[in-house]
Amino acid sequence: MNLLIDVLIAIGLVVLAWQALVGGSLFRGIVMFIVFGLTMALAWARLGSPDLAMAEAAIGAGVTGALLMIAYWRLRALGASRPTPRSRLRARLALGVGVLSSVLVAMIGLAAVEAIGPGGEAGQALAAALPATGLGNPITGVLVIFRNLDTLLEVAVLLAAYVASRAALGDDKAALPLPPAQDAPLVGALVAVLAPLTVLVAIYLLKAGSQLPGGAFQAGAVLAAGGVLLMLAGRLHPAPLCGLGLRIALVAGTVVFSGVGIIMLALGQPLLAVPGTWAVYLIETAMMVSIGATLVLLFAGSAGLSGKALR
Amino acid sequence: MTAEALTGLVFLPLLAACAVAALPGRLGGGFVLAGLAPLPLCLIVLTGAVVDTGTVSLAIAGFASPLGIEWFVDPLALILLWLNTVIALVVGLYAARDYPPHSARGGRFWALWLLLTSAMNALLLSADLFNLFVTLELVTVAAIGLLVIDGKPAALRAGMRYLVLALLGSLFYLLGVALIYGQAGTLDLYQAGERLGPELLPVTALVLMTVGLLVKSAVFPLHSWLPAAHGNAPGPVSAVLSAMVVKVSIYLIWRLWLWLAADWQPDWALPMLGLLGAGAILYGSVLAFLQVRLKMMVAYSTVAQLGYLMLLFPLFGPLGFTAATYHLLSHGLAKAAMFLAVSNILAVMGTDRLDRLGGADRRLPLDTLTLALAGVSILGLPPSGGFVSKWLMLQAAWAIEGWGWLIVILAGGLLAAAYLFRPLAVLCARPATARPADDVRAPSPAGLRWGGIVALMLALAALVAGLAPAPVLTLLEGGLPPGARP
Amino acid sequence: MSLLLPALVVFLLLNLVAGLWRVFLGPTAADRMLSALLFGSTTVAMLLVLAQWQQSPALRIAALLFVMLAAITSIAFVALTQGRVAARRAPAPPVEPRQ
Amino acid sequence: MSHAEVWVVAAAAVFGIGLYSLLIAAHLLRQLIAIKVMGSAIFLVLVVAAGPIDGALDGLPKALVLTGIVIAISAIAFALALLVRLAEVTGSTSLEDDADDDR
């Protein structure tokens with residue numbers, strides 16, 4: 001039964017990847033991609049990683065899906081041309097490359113699974129070192145304490161992505177177009193319930209993250225989802241200028257994280273040491289705010305946000 | 001003190017980038033200066049430590065590998081850190097003309113510039129395979145953001161192509177990391193090397209990672225994205241892309257094969273990588289010769305010169321290693337100087353098409369001189385840094401009786417002479433007709449002279465590198481890869 | 001009991017396949033998105049059953065997240081497809097790009 | 001957790017489909033989806049190939065995947081902004097008609 005479930009999900013993944021990527025309209029491809037992300041989340045759940053299930057659902061399927069949808073909408077609104085399909089020869093060649101790479105990856109992967117030893121040395125060190133931190137969730141432990149340089153640089157990548165997107169869009173662009181706001185009564189009522197709920201869920205995920213699955217990334221993605229909701233409902237608008245508060249929110253994750261790390265160095269501790277659970281919460285909160293703000297701005301395609309309409 | 005110095009190398013530019021992004025306006029310039037100016041100080045401290053002890057390492061957050069991430073500095077990394085810092089600072093001086101930090105566009109430029117500097121320093125310090133992936137991504141995003149900052153259609157297209165290929169390259173790299181972690185149970189580059197052997201899986205993992213990195217570093221035959229990207233980026237960005245960004249990926253390939261797999265590289269691997277380098281030298285040089293635009297010629301010259309870095313593999317040994325590292329250093333300086341000079345020429349003449357540049361030396365004597373001096377180093381003529389590296393490389397090829405490699409190195413030099421003399425001849429020609437248009441948008445004469453002096457400084461640095469190579473060579477001899485140690 | 005929960009998971013999975021068929025068939029975008037939403041709710045049910053069966057209560061948090069995201073996705077869909085319809089009514093609409 | 005083979009085979013198939021699509025798709029949006037999907041396949045390999053510790057999968061690669069997911073969305077978000085700008089400036093959503101940029 002166990003195997004049957006895994007096989008079904010795995011087949012689903014393959015079929016959905018095919019549906020998302022090959023043939024059919026681009027819009028259908030995007031919808032299929034979102035469903036692929038949800039199925040990935042199921043796979044992570046089966047692999048015993050609720051953290052990844054959540055991250056995949058919220059970031060991999062949810063926010064990425066929203067970004068793809070809005071980019072698709074914008075490309076249509078711009079009237080961008082439809083590219084000419086590739087030649088038949090190239091398609092045949094590509095099929096060969098695709099099949100070959102599949103076989104290769106399968107062979108390599110199966111050999112790797114075959115050759116697995118008694119378990120990763122690093123993983124065992126993790127299990128041994130976790131209790132001393134007071135955290136119950138090993139993933140949060142790795143992300144915030146043991147390998148926090150990765151996490152810090154990853155938040156910097158998000159910041160770089162925002163600045164680089166602004167650089168690509170240039171000065172003359174106050175904001176990219178957004179679809180007209182939804183002002184149907186039902187939408188209004190739903191937004192009134194959902195928007196506060198996103199904040200609540202985000203804070204819960206953040207707090208739960210130290211012991212249970214969850215953490216800054218999932219929480220930040222939920223906040224971003226809330227921001228996207230407000231934007232689509234016409235409660236939040238792109239703005240040509242970025243207010244100081246929002247600018248601080250953008251860099252809060254990187255600054256607070258490195259600030260704590262450098263203060264610890266100045267106090268004679270190792271660089272980026274985390275002094276206690278309170279610091280974990282502090283860092284995670286700052287990261288959540290940064291992730292949420294950056295993702296919403298990336299969705300808006302604007303420099304800033306405001307409660308008032310642009311025009 | 002070394003811990004503070006290492007911290008400064010990564011965190012000063014990172015925090016300065018945050019400050020510039022969060023507080024644009026008049027304050028911006030000060031933060032840019034605060035993020036870049038102290039870096040040489042950090043490096044001096046670090047150099048002292050490396051000279052004293054040979055290598056320096058630091059466990060981040062106090063957790064040593066395999067659980068944590070470690071920074072590790074040896075002479076090779078130190079020299080690249082110096083190169084990166086010098087390029088970021090000196091080319092930054094040039095960029096301050098085109099991108100004043102208090103403008104909105106300038107703010108974005110400097111935020112990305114600082115992020116790129118920080119990311120490359122973090123990459124050069126890191127000894128952790130996954131952390132290297134993260135820094136590579138940061139380098140890619142920041143570099144492409146800089147590439148497209150002027151919004152030129154050609155640059156946008158080149159940036160898009162670069163991004164798609166770089167992301168694909170990252171995927172291959174990550175697949176290799178997955179295999180290595182599965183086999184070795186650690187992500188530390190040096191630890192993993194000790195725990196693995198020449199079995200099929202580790203070698204496959206290395207091949208996958210190398211393919212990914214070859215795409216990112218545009219080594220022949222995966223170079224297709226480079227000329228358009230480097231040829232269409234803004235001048236200072238082209239300089240840093242050619243001088244540093246593509247090279248850090250090759251540096252990682254060196255680390256993988258000569259450190260991680262020091263004891264167990266398969267016999268075929270090193271000559272194979274060398275063949276790619278030979279292909280790059282010949283193909284890149286011929287195409288550089290065929291270009292009609294000066295900047296594209298310089299970009300194709302980068303494709304060719306990257307090939308010499310891959311020749312380290314077949315010529316591996318103490319000589320080959322110092323030669324390749326010295327080539328990396330002198331080419332970085334010379335190529336940055338070249339791109340800046342070309343950028344000046346482009347700004348004044350309004351075009352960089354070779355057939356319209358006749359007689360440009362009268363209007364741009366300084367930049368023509370820079371181009372010639374940098375060319376001397378690229379060619380490998382004495383007394384330049386390029387000469388030292390080519391000479392050492394020829395010696396290395398001679399010592400192992402690798403006549404084929406010897407011929408490739410010599411042919412590369414001759415071809416470089418061919419493609420470099422052509423633009424110089426054009427610039428110094430006295431055309432009877434075809435005066436370039438005078439109504440082009442050009443920076444103020446003061447700004448222009450400033451840019452010209454900055455470019456000349458870099459070209460002179462590449463020359464001086466040939467006059468006094470001893471300290472660098474001595475330093476490098478203290479940090480040879482495991483396989484080249486006596 | 002030991003067989004009931006896995007059987008339930010399989011049943012829900014088959015349900016997903018049926019939903020997927022609808023996503024595949026379309027024919028309109030709304031059909032696709034509605035079935036994608038249904039897909040979301042079925043996934044929630046599955047996560048809850050899995051949480052019970054695999055003894056990992058943490059999956060319930062994931063289910064909670066799914067529910068919220070599904071609600072937001074529906075609004076996003078309405079907003080974005082209205083724009084889609086508008087774009088279709090525009091004077092020179094590009095045909096829906098393939099490939 | 002057993003059945004690692006099932007996940008590896010699925011990941012391999014997804015990876016191949018992604019590469020195939022990347023090569024044939026002319027539309028950049030589709031190419032970006034392909035890269036994202038291939039990334040998911042590699043994450044799956046990363047977690048499964050690390051092997052179990054005491055019956056549960058190793059926690060470390062899971063944290064790496066979480067980092068990878070955030071990096072992937074950053075890169076994709078930037079790529080989409082670049083794509084929209086490219087389409088705005090050149091009217092094209094593809095790199096196929098890559099004109100030689102001689103001036």
Side-chain angles (χ1 to χ4, degrees), chain A residues 3 6-7 10 13-14 17-18 20-22 26 29 33 40 47-49 52 55 59-60 63-64 67 71 74-75 78 80-81 83 85-86 91 94-95 97-99 101-102 105-106 109-110 112-113 116 119-120 122-124 126 138-139 142-143 150 154 157-158 161 164-165 168-169 217 298, chain D residues 1 3-21 23-24 26-27 29-30 33-34 36-37 40 45 47-53 56-60 62-63 65-67 69-71 73-74 76-78 80-85 87-88 91-94 96:
Chain A
L3 187 65
D6 283 0
V7 168
L13 279 178
V14 176
W18 181 267
L21 293 175
V22 182
L26 195 52
F33 168 77
M40 256 328 267
L47 284 163
S49 333
L52 288 180
I59 304 177
V63 182
T64 312
L67 284 169
R74 281 174 180 146
L75 289 178
L78 284 170
S81 72
R86 309 275 196 177
L95 191 63
V97 173
V99 171
S101 67
S102 270
V105 174
L110 289 176
V113 169
I116 284 174
Q124 281 161 348
L126 168 63
I139 296 183
V142 173
L143 289 177
D150 279 347
E154 153 198 6
V157 175
L158 196 58
S165 300
L169 295 172
F217 296 114
L298 282 167
Chain D
M1 289 300 145
H3 321 318
E5 290 84 0
V6 175
W7 298 116
V8 166
V9 170
V14 169
F15 186 87
I17 292 171
L19 196 55
Y20 169 65
S21 165
L23 290 172
I24 59 157
H27 201 294
L29 201 56
R30 182 87 82 176
I33 303 177
K36 186 78 188 38
V37 167
S40 298
V45 174
V47 167
V48 174
I53 290 175
L57 279 175
D58 190 346
L60 193 94
K62 292 182 190 167
V65 168
L66 200 49
T67 305
I69 290 177
V70 178
I71 289 180
I73 194 179
S74 311
I76 295 289
F78 170 46
L80 289 173
L82 195 53
L83 168 59
V84 169
R85 179 66 168 169
E88 194 178 39
S92 164
T93 50
S94 159
E96 196 68 335

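On a predicted model such as this, the values are computed, not experimentally measured, just so you know. In the text below, chain A, chain B and the rest are named by the order of the sequence lines, each starting its count at 1.
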Problem set entry | Most chain D-contacting option - heavy-atom pairs closer than 4.5 Å, from A:A91, A:A94, A:G109 | A:A94
Exercise. CG/D:L29 to CG/A:L26 distance, rounded to the nearest 0.5 angstrom?
Worked result: 5.0 Å
Exercise. For chain D, which of A:V63, A:V99, A:I59, A:D150 has the most heavy-atom pairs under 4.5 Å?
Worked result: A:I59
For this session: Please report the shortest heavy-atom distance between D:V70 and A:E154, naming the atom on each side.
Result: CB-OE2, 3.0 Å
Problem set entry | Trace of the side chain to side chain contact (heavy atoms under 4.5 Å, CB included) decision for D:W7 with A:L13 | CA-CA 10 Å; D:W7 298 116; A:L13 279 178; 4.3 Å; yes
Exercise. For D:V37 and A:A17, which heavy atoms make the closest approach, and how far apart are they?
Worked result: CG1-CB, 4.1 Å
Seminar exercise, completed: Scored by heavy-atom pairs under 4.5 Å with chain A, the best of D:V47, D:V45, D:T67, D:L82 is D:T67
Problem set entry | A:L78, part contacting chain D, at a heavy-atom distance under 4.5 Å | side chain
For this session: Would you name the heavy atoms of D:G59 and A:L126 that are closest together and state the gap between them?
Result: C-CD2, 3.9 Å
For this session: Run the numbers on A:I139 and D:L66 for side chain to side chain contact (heavy atoms under 4.5 Å, CB included), then give the verdict.
Result: CA-CA 9 Å; A:I139 296 183; D:L66 200 49; 3.8 Å; yes
For this session: Sort out for me which of D:A63, D:A87, D:A81 touches chain A most, counting heavy-atom pairs under 4.5 Å.
Result: D:A63
Problem set entry | Best-contacting candidate, A:A161, A:G98, A:S102, against chain D by heavy atom pairs under 4.5 angstrom | A:S102
Problem set entry | Nearest-0.5 Å distance, CD of residue D:E5 to CG of residue A:D6 | 11.0 Å
Exercise. So do the side chains of A:L95 and D:Y20 get within less than 4.5 Å of each other, counting heavy atoms only?
Worked result: yes
Problem set entry | Minimal non-hydrogen separation, D:A49 against A:A112, with atom names | CB-CB, 4.2 Å
Exercise. Just wondering, do A:L298 and D:I73 contact through their side chains at under 4.5 Å, heavy atoms?
Worked result: no
Exercise. Of the non-hydrogen atoms in A:L21 and D:R30, which two are nearest, and what is the gap between them?
Worked result: O-CD, 3.5 Å
Exercise. Does D:K62 use its side chain to pair, donor to acceptor, with the backbone of A:P138 at less than 3.5 Å?
Worked result: no
Seminar exercise, completed: From the list A:A55, A:G29, A:S101, A:A20, the residue making the most non-hydrogen contacts under 4.5 Å with chain D is A:S101
Exercise. Where is the tightest heavy-atom contact between A:G60 and D:I69, given as atom of each residue plus distance?
Worked result: N-CG2, 4.3 Å
Exercise. Side chain, backbone, both or neither: which part of A:L158 has a non-hydrogen atom closer than 4.5 Å to chain D?
Worked result: both
